[in-house]
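Sequence lines set the chain letters: A, B, ... in the order given, protein chains first and strands last, and positions in each chain run from 1.
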Amino acid sequence: MLDPKYLRDNLEEAQRRLATRGEEANLAAFTDLDRRRRELLGESEALKAEKNRVSAVIGQTKDKGAVQGEIVRMKEVSAQIKTLDDELKAVEENLQGLLLRIPNIPHEETPVGASETDNREVKRWGDLPTFDFEPKAHWDIGEGLGILDFERGTKITGTRFTLYRGAAAKLERALINFMLDLHTGEHKYVEILPPLMVNRDSMTGTGQLPKFEDDLFHLDDPDYFLIPTAEVPVTNIHRNEILAGSDLPVCYTAYTPCFRKEAGSYGKDTRGLIRQHQFNKVELVKFVKPEDSDAELAQLLDNAEEVLRRLKLPYRVVDLCSGDLGFSAARTFDIEVWLPGQATYREISSCSNFRDYQARRAAIRFRREDGEKPELVHTLNGSGLAVGRTLVAILENYQQADGSVLVPEALRPYLGGLERIDKS
RNA sequence: GGAGAGGUGGCCGAGUCGGCUGAAGGCGCUCGCCUGCUAAGCGAGUGUACGGGGUAAACCCGUACCGAGGGUUCGAAUCCCUCCCUCUCCGCCA
């Protein structure tokens, strides 16, 4: 959520910067509601002050007959307050609803652009593998080895669900452990195993609600949602809390399955593991002081990149332009891994600085020193990495002419020393 | 799922037949005093949000908040209703 005070004082600037997202924010409505709210609040509070004062007098008066007139008058005042508060409540609900639907303002350094094509490539790492045969797509490799079963996944549940068996299942598990060990052991993140279902407040805190309910799997009873990313439960760990400044930065990593409806992506990536309704991801989440968030994002991004470097998978980093930015993010770097089967780079991680946008929604604050006013933290998160897509990248980059797949050296200790996946 | 108990400030814990209780008391914490060291002792202070004033701040005024939301009342932490959560026992279960 944007700061209402900032909007009040810098309406044109906010409008202009939000416009770079290609989205028209209804800021005129904000101005009207905000003004009306303050009018009503002023009137209501003045009457409450009067009521409190007179009620105290009535309480001290023994002879109630002498204050009968005041009692009658206060009855009337209470009725007026009720009327004002009813309207105030409606105005505040509208205002809140409006603010919750306005996306974050892009970072000053976010490239301005309309879409994906305007994203700025900032880095390439690794040499692209060469093959003396036509490299296959991962779905062919996986089916050929008998380790990915797309048909049965669909039979058991439906489209965009896949059954892993044997080496693929083990490889997925090895990747999860490898990533968590790296981030907890060398990058000093604290491992979290959060709930996979969350309530509405949590979804609102990170920005999935109220605008993107259609993208989420929902349980009717109780009214819970399946998490689309560990960002949601992990960021909400500190919702409505005031952290000690000396504890920042707080860094968490969590492995969780993620559930997404992928509404509106019909026909896209229908083959293979790229776009599933359920996938595994290791997430990195940070709570930091505002002045540190740019540097912390750079570090988080590097922590995610390190996974690919250890696996020797070629990748590039892209600075997302304003038009391609997610709803809550101010700045986002995507890491895209090379997929030889499709001869293209595909997103495998998205690392973002949300600044105080989520912190304001979720009331996540910190105190620099004892006795000082609480301030909003900055929140960051990024995939470290999407596990299923990492498996895809390994299958495609490490595939051999005979259909087998070499295991990256860094993963072998996690697979009992296994060097190669053969048809089983 | 059944039965019972309970949700008050950073923590513990009082709140009588509804009225100077933002909330006793204790602990913790901060500052000052005292003190060979440590410990103890003395004094003062110690929530958040919103609105208004003042603005570089400090600060001042008002309102709200005793799990959440409604209701009764001139007035509710205290009474009534609904919901949520926690604990204990039973049942069930990985």
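Base pairing annotation: B:U16 forms no Watson-Crick or G-U wobble pair, as no partner gives both donor-acceptor distances under 3.5 Å. If you check B:C37 for Watson-Crick or wobble pairing at under 3.5 angstrom, you find it has no partner at all. Both distances falling under 3.5 Å, in either a Watson-Crick or a G-U wobble arrangement, place B:C89 opposite B:G2. In a base pair of the Watson-Crick type (N1 to N3 plus N6-O4 or O6-N4) or a G-U wobble (N1-O2 and O6-N3), with each distance short of 3.5 Å, B:U63 is matched with B:A49. Using the Watson-Crick or G-U wobble rule with both distances under 3.5 Å, B:C31 pairs with B:G43. Of all nucleotides present, none satisfies the Watson-Crick or G-U wobble test against B:G22 with each distance under 3.5 Å. Pair assignment for B:C79 gives B:G71, based on Watson-Crick or G-U wobble hydrogen-bonding distances that are each under 3.5 Å.
Taking atom CG on A:L40 and atom P on B:A64, their separation rounds to 16 Å, with Å as the unit. In this structure, the CD atom of A:E43 is 16 Å from the P atom of B:U63, given to the nearest Å. Note: CG (A:D9) to P (B:U55) measures 16 Å, nearest angstrom. Put simply, NZ on A:K373 is 20 Å from P on B:U55, counting in whole angstrom units. Counting to the nearest Å, the C1' atom of B:A64 and the NZ atom of A:K82 are 17 Å from each other. Taking atom CG of residue A:D85 and atom P of nucleotide B:C65, one finds them 11 Å apart after rounding to whole Å. Rounded to whole Å, the distance from CG on A:L41 to P on B:A49 is 16 Å. Straight-line distance from the CG atom of A:D201 to the C1' atom of B:G67: 13 Å, rounded to whole Å.
Taking a cutoff of 4.0 Å between a charged side-chain nitrogen and a carboxylate oxygen, A:R309 and A:E305 qualify as a salt bridge. A:R200 has a carboxylate O that lies under 4.0 Å from a charged side-chain N of A:E213, or vice versa, which qualifies the two as a salt bridge. Remark: A:E306 engages A:R310 in a salt bridge, criterion side-chain N to carboxylate O under 4.0 Å. We find that A:K89 and A:E92 are not joined by a salt bridge, their nearest charged nitrogen and carboxylate oxygen being 4.0 Å or further apart. For the pair A:R8 and A:E13, the salt-bridge criterion is not met [side-chain N within less than 4.0 Å of a carboxylate O]. For the pair A:D334 and A:R346, the salt-bridge criterion is not met [side-chain N within less than 4.0 Å of a carboxylate O].
A donor-acceptor contact under 3.5 angstrom links the side-chain atoms of A:E45 to the base of B:G62.
Comparing the same atom, P, in B:C60 and in B:A23 gives a spacing of 15 Å after rounding to whole Å. B:A76 and B:G19 have their P atoms separated by 11 Å, given to the nearest Å. Rounded to the nearest Å, the gap between the C1' atom of B:A14 and that of B:U78 is 13 Å. The C1' atoms of B:G22 and B:A49 are separated by 14 Å, rounded to the nearest whole Å. Distance noted for atom C1' between B:G13 and B:G25: 8 Å (whole Å). Rounded to a whole angstrom, the distance from the P atom of B:A44 to that of B:U48 is 22 Å. Rounded to the nearest Å, the gap between the P atom of B:C61 and that of B:U46 is 13 Å. Spacing of P atoms, B:C12 relative to B:G69, comes out at 22 Å, to the nearest Å.
For A:R37, whose side chain is taken as the heavy atoms from C-beta onward, the closest listed nucleotide among B:G51, B:U48, B:C20 is B:G51. Which of B:A49, B:G69, B:G51 sits closest to the side chain of A:K89 comes down to B:G69.
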Can you check each nucleotide of nucleotides 74-86 of chain B against protein heavy atoms at under 4.0 Å and return B for base, S for sugar-phosphate only, - for none, in 5' to 3' order?
BS-----------
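Between A:R53 and B:C20 there is no side-chain N or O to OP1 or OP2 distance below 4.0 Å. Look at A:R360 and you won't find any side-chain N or O under 4.0 angstrom from OP1 or OP2 of B:A49. Considering only side-chain N and O atoms, A:K5 lies nowhere under 4.0 angstrom from the phosphate OP1 or OP2 of B:A49.
Remark: A:R420 pairs with A:Q400, A:D402, A:S404, A:L406, A:D422 by the side-chain contact (heavy atoms from CB on, under 4.5 Å) rule, at least two apart or across chains.
Nearest-nucleotide mapping onto RNA chain B: of A:E372 and A:D86, the residue sitting toward the 5' end is A:E372. For the pair A:R38 and A:Q60, both in contact range of RNA chain B, the more 5′-proximal nearest nucleotide belongs to A:Q60.
Residue-level contact check: A:R73 touches neither bases nor backbone, having no heavy atom under 4.0 Å from any strand. Within the nucleic acid shown, A:R35 has no heavy atom closer than 4.0 Å to any nucleic acid atom. Among the protein residues, A:R367 comes within range of the sugar-phosphate backbone only, with heavy atoms under 4.0 Å from sugar or phosphate atoms but none that close to a base.
Residue A:K261 places its NZ atom among more than 12 non-hydrogen atoms of other residues, nucleotides or ligands, all under 6.0 Å distant.
When only modelled atom types and interatomic distance are considered, A:Y315 and A:E336 share no side-chain donor-acceptor pair under 3.5 Å. Under the 3.5 Å distance criterion, with hydrogens and angles disregarded, no donor-acceptor pair is assigned to the side chains of A:S328 and A:N104.
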